[in-house]
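Quick note on labels: first sequence line is chain A, next is B, and so on, each numbered from 1. The structure displayed is predicted, hence computed values, not measured ones.
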Number of protein chains: 2
Amino acid sequence: MKSRIGIKDIALKAGVSKGTVDRVLHNRGNVSPGARAKVIAAMKELDYQPNIIASALASKKSWKIAVLIPDSQKDPFWEQPKIGILKAEKSLRDYKVVIDFYPFRDADREHFLQQGEEILEKEYHAVLISPSFFKEGQTILKKFEEQKLPYIQINTFLNRESEYFLAYIGQDSYTSGLLAAKLLNFGINEGACAMILHLEKEAYNAKHLTDKEKGFNDFFSHNKKRKIEIIRGSFGDIFDKNGLHKYIEEMLIEHPNIQGIFVTTSKAFHIVSILKELGKTDIKLVGFDLIEENLAPLYDDKIHFLINQNPQKQGFLGIMNAFNHLVLKKEIKHVQLLPLDVVMKENVQYYLEEKAKELHLVF
Amino acid sequence: MKSRIGIKDIALKAGVSKGTVDRVLHNRGNVSPGARAKVIAAMKELDYQPNIIASALASKKSWKIAVLIPDSQKDPFWEQPKIGILKAEKSLRDYKVVIDFYPFRDADREHFLQQGEEILEKEYHAVLISPSFFKEGQTILKKFEEQKLPYIQINTFLNRESEYFLAYIGQDSYTSGLLAAKLLNFGINEGACAMILHLEKEAYNAKHLTDKEKGFNDFFSHNKKRKIEIIRGSFGDIFDKNGLHKYIEEMLIEHPNIQGIFVTTSKAFHIVSILKELGKTDIKLVGFDLIEENLAPLYDDKIHFLINQNPQKQGFLGIMNAFNHLVLKKEIKHVQLLPLDVVMKENVQYYLEEKAKELHLVF
DNA sequence: AAATTGACTGTGCACGTACACAGAATTAGA
DNA sequence: TCTAATTCTGTGTACGTGCACAGTCAATTT
């Protein structure tokens, strides 16, 4: 039973000391070209695989990661990614991964920049960032690059050509629109209307919503076999109950043949009661996210499908990818789109369980 | 910057040596009640969390796990769980987890028992088993229990009351039947027929198929609002192309109003060409598993939904749970049902990617 | 009383790598 | 050629835990 080969085996084979092997391994310099070549040859020949356990134990340095995401106090969506981040931190504790949060107030560009500057002043090995604002995001990311600080984006994607841009992890909005269209198309009759409904302020300005809409439209324009008319709706102030009710009512009067509605945000539950009041209980409803308010209508067959994007995973995988890059020196994929789960009452349990489970992705 | 507390901190606090702390930690005995109490108190007070990194490094013992599953040469389904197992082994290599395979020839009860006995003769810390045969499975599991050998079941579940039964990880057949029914119901009109079709020898004898059927039937009997007639079909020899063609043809003549078919196995693709030949292109098709043959019809809108059970995960999570139990001494859930993913051409990419990705779940 | 047993306890090395430090070899400058 | 600076190399300790071993003390046996 020969045990795994370690640096001392390489040292022996290369005719040097383990100190020299270590210097080659970590590019610490001060190694003669000859010795270096011999070490590298020995490593290859013996197929050396570093023992990350011993490495983590011996290493003094801790890996510091800064997290720049919206404050979850203001926007409950961000609680989930944050939970994912904390889970990742916990499972990597023994690897000396330390995480500091720099939450910024939602929609506050100034605060976003401010917190970004704060990170730049400290010494971090990587940053996990949701660059919510286009212009300010570019500014900060550029500064990160200048300081040779690698970063991973989650949720919002700003495309940049830089070796310090490690990865984007997030949702695939366009495809989710396609998916919603497919589901509605499956459930409604030929000649009927399908409605896409944005319940969000400045929906025209939110890229993820316009992407969803594009996917939704593309599905129907590519499926010419069936004739389905598409209606577009948009209503910003969801707290204006009466206004929303009136808006939906007028829409349904104008287009009495609407058989399905795709709500592009997590607010589908707002529509449920309105449809009930209007006596339109046979309209198919597709929405997003397994939030509390959406679950009751799902169980109740009022919402037919919820598309789930597992926001916890965004945070979790973000940290895990940083770990893979920093500690394990692994190649990581630059764009990682999370699965779009089609959730209905019959399989919702699995996805809720997954939320609660303490699954820890490593390596 | 105070570092994490270790056994020597506890030793100091409890006024004993780290050797004694170690004995308490691992229940090695030979500790006086007084010392034991002091150590436990100190551990609680300081909230001691063992450093699994250092532990894994120092520990001499390797964790040996035997795997008793069907030979993947004979049944390609088992390739996926095997890949999952090998991934898990790779990512746990530094933790000294070693896996030995004991594949048995499909449908060969004698060989199954034989390989089981083989395992019993060696010294293993745990077994991962798919107890395909009811009677023989019980026999082997009983022997495992007698030898105090913990086991984890995958894919097939034999319920046993034993502390050595660690977990079952597998599919939820009943719910997958429900799910298929829901999807078909969504896509077909009131008054139409829905067909459930088993393409498997001795389908009446396969529990997972009868469970699927039960789920399928229950959905419609609980949803009395819509009148959908259910037809049951079963055909064993899928290599008899003509026979199958004839069978389907007769079914469709007898029940011309069939608008949807649920194939309870991964063989849905066999039906596609037959339906085409019969000119019945508007029948909705729901099947199982992202195997190669099913993908083309899925892209082609011939198969509408595939229910995916991620067979790789069965193997992967099986090993990971054994690891959690053996090494990390964590509580693991006794029954873990894998998510039922609803896959359509628009989101299939994510699930195929996941198959290829080297994601490693730990802890 | 001496010897033996057994329960209990402390000490110290090992795991494989990181890293500090000292010492050797080489080079540069005069 | 010699010295000083620089580059290169080997040695040894540390990380936190597991575990072997030796040692202490009281109870029991001879």
Side-chain angles (χ1 to χ4, degrees), chain A residues 1-40 42-43 46-63 93-97 125 326-329, chain B residues 1-40 42-43 46-63 93-97 125 326-329:
Chain A
M1 190 71 185
K2 68 175 177 186
S3 63
R4 268 180 61 194
I5 51 129
I7 55 170
K8 67 164 180 279
D9 300 294
I10 298 175
L12 194 69
K13 178 129 202 158
V16 297
S17 74
K18 63 197 178 78
T20 300
V21 175
D22 177 66
R23 278 180 283 266
V24 173
L25 267 170
H26 297 85
N27 288 315
R28 292 193 220 277
N30 292 340
V31 178
S32 67
R36 187 185 165 78
K38 281 189 291 180
V39 169
I40 289 176
M43 272 172 44
L46 298 180
D47 185 30
Y48 171 68
Q49 308 269 106
N51 184 327
I52 59 163
I53 301 279
S55 172
L57 182 64
S59 177
K60 306 183 110 57
K61 93 166 57 147
S62 73
W63 299 96
R93 199 192 44 209
D94 287 336
Y95 290 95
K96 304 190 179 69
V97 172
H125 297 96
L326 294 173
V327 185
L328 306 184
K329 317 287 183 207
Chain B
M1 192 67 186
K2 71 173 175 186
S3 63
R4 269 180 61 195
I5 52 131
I7 56 169
K8 66 165 182 278
D9 300 294
I10 298 176
L12 194 70
K13 179 129 200 156
V16 297
S17 74
K18 67 195 181 78
T20 299
V21 175
D22 178 64
R23 278 180 282 267
V24 173
L25 266 171
H26 298 87
N27 289 314
R28 292 193 221 277
N30 294 338
V31 178
S32 67
R36 187 184 164 79
K38 280 189 294 181
V39 168
I40 290 176
M43 272 172 45
L46 298 180
D47 184 31
Y48 171 68
Q49 309 269 106
N51 185 327
I52 58 162
I53 299 281
S55 171
L57 184 63
S59 176
K60 308 184 104 63
K61 96 166 53 145
S62 74
W63 299 97
R93 199 192 43 208
D94 287 337
Y95 290 95
K96 304 189 179 68
V97 172
H125 297 94
L326 294 173
V327 185
L328 306 184
K329 317 287 181 206

Query raised in the report: In whole Å, what is the span from the CG atom of A:L57 to the C1' atom of C:dA14?
Result: 12 Å

Report summary line: Minimal heavy-atom distance between A:K18 and A:A11, with the atoms involved, is N-CB, 3.6 Å

Requested in this report: Can you see which heavy atom on A:I5 is nearest to which on A:Y48, and at what distance?
Outcome: CD1-CA, 3.4 Å

Query raised in the report: Within this structure, what is the CZ-to-C1' distance between B:R28 and D:dC19, rounded to whole angstrom?
Result: 6 Å

Query raised in the report: What is the minimum heavy-atom distance between A:K329 and A:W63, and which atoms define it?
Result: NZ-CH2, 4.2 Å

Report task. Could you tell me whether the phosphate oxygens of D:dT17, OP1 or OP2, come under 4.0 Å of any side-chain nitrogen or oxygen in B:Y48? Result -> yes

Give every donor-acceptor pair under 3.5 Å between a side-chain atom in residues 23-37 of chain B and any protein atom, sequence neighbours left out.
from: B:H26; atom 1: ND1; to: B:D22; atom 2: O; distance (Å): 3.1
from: B:H26; atom 1: ND1; to: B:D22; atom 2: OD1; distance (Å): 3.1
from: B:R28; atom 1: NE; to: B:D22; atom 2: OD2; distance (Å): 3.2
from: B:R28; atom 1: NH2; to: B:D22; atom 2: OD2; distance (Å): 3.3
from: B:S32; atom 1: OG; to: B:A35; atom 2: N; distance (Å): 3.3

Query raised in the report: What closest approach, in Å, do A:D9 and A:L46 show between heavy atoms, and which atom pair accounts for it?
Result: O-CD1, 4.0 Å

Report summary line: A:K329 NZ to C:dA18 C1', in whole Å, measures 13 Å

Report task. Count the heavy atoms of every other residue, nucleotide or ligand shown that sit under 6.0 Å from NZ of A:K96, and state whether that count exceeds 12. Result -> yes

Requested in this report: For A:H26 and C:dA20, give me the distance from atom NE2 to atom C1', rounded to whole Å.
Outcome: 15 Å

Requested in this report: Please report the C-alpha distance between B:V327 and B:I52 in whole Å, then the side-chain angles of each, then the deciding distance to 0.1 Å, and finally whether the side chain to side chain contact (heavy atoms under 4.5 Å, CB included) criterion is met.
Outcome: CA-CA 9 Å; B:V327 185; B:I52 58 162; over 6 Å; no

Requested in this report: Check every strand shown and say whether A:D22 touches a base, only sugar-phosphate, or nothing at a heavy-atom separation below 4.0 Å.
Outcome: base

Query raised in the report: Any idea which heavy atoms bring A:I53 and A:N51 closest together, and the distance?
Result: N-OD1, 2.9 Å

Report task. Could you tell me, to 10°, how much the axis swings from one end of the helix from C:dA1-D:dT30 to C:dA30-D:dT1 to the other, five pairs per end? Result -> 60°

Report summary line: Under a 4.0 Å heavy-atom criterion, the protein footprint on nucleotides 6-13 of chain C, written with B, S and -, is --SBBBBB

Query - For atom NZ of B:K96 and atom P of D:dG18, their distance in whole Å - result: 11 Å

Report summary line: DNA chain C nearest-nucleotide lookup for A:S55 and B:S59: closer to the 5′ end is B:S59

Report task. Rounded off to whole Å, could you give me the NZ-to-P distance for the A:K60 and D:dT13 pair? Result -> 14 Å

Requested in this report: Apply side chain to side chain contact (heavy atoms under 4.5 Å, CB included) to A:V39 and A:M43, showing your working.
Outcome: CA-CA 6 Å; A:V39 169; A:M43 272 172 44; 4.2 Å; yes

Report task. To the nearest Å, give me how far apart CD1 (B:I7) and C1' (D:dG18) are. Result -> 8 Å

Query raised in the report: In whole Å, what is the span from the CD1 atom of A:I52 to the C1' atom of C:dT17?
Result: 12 Å

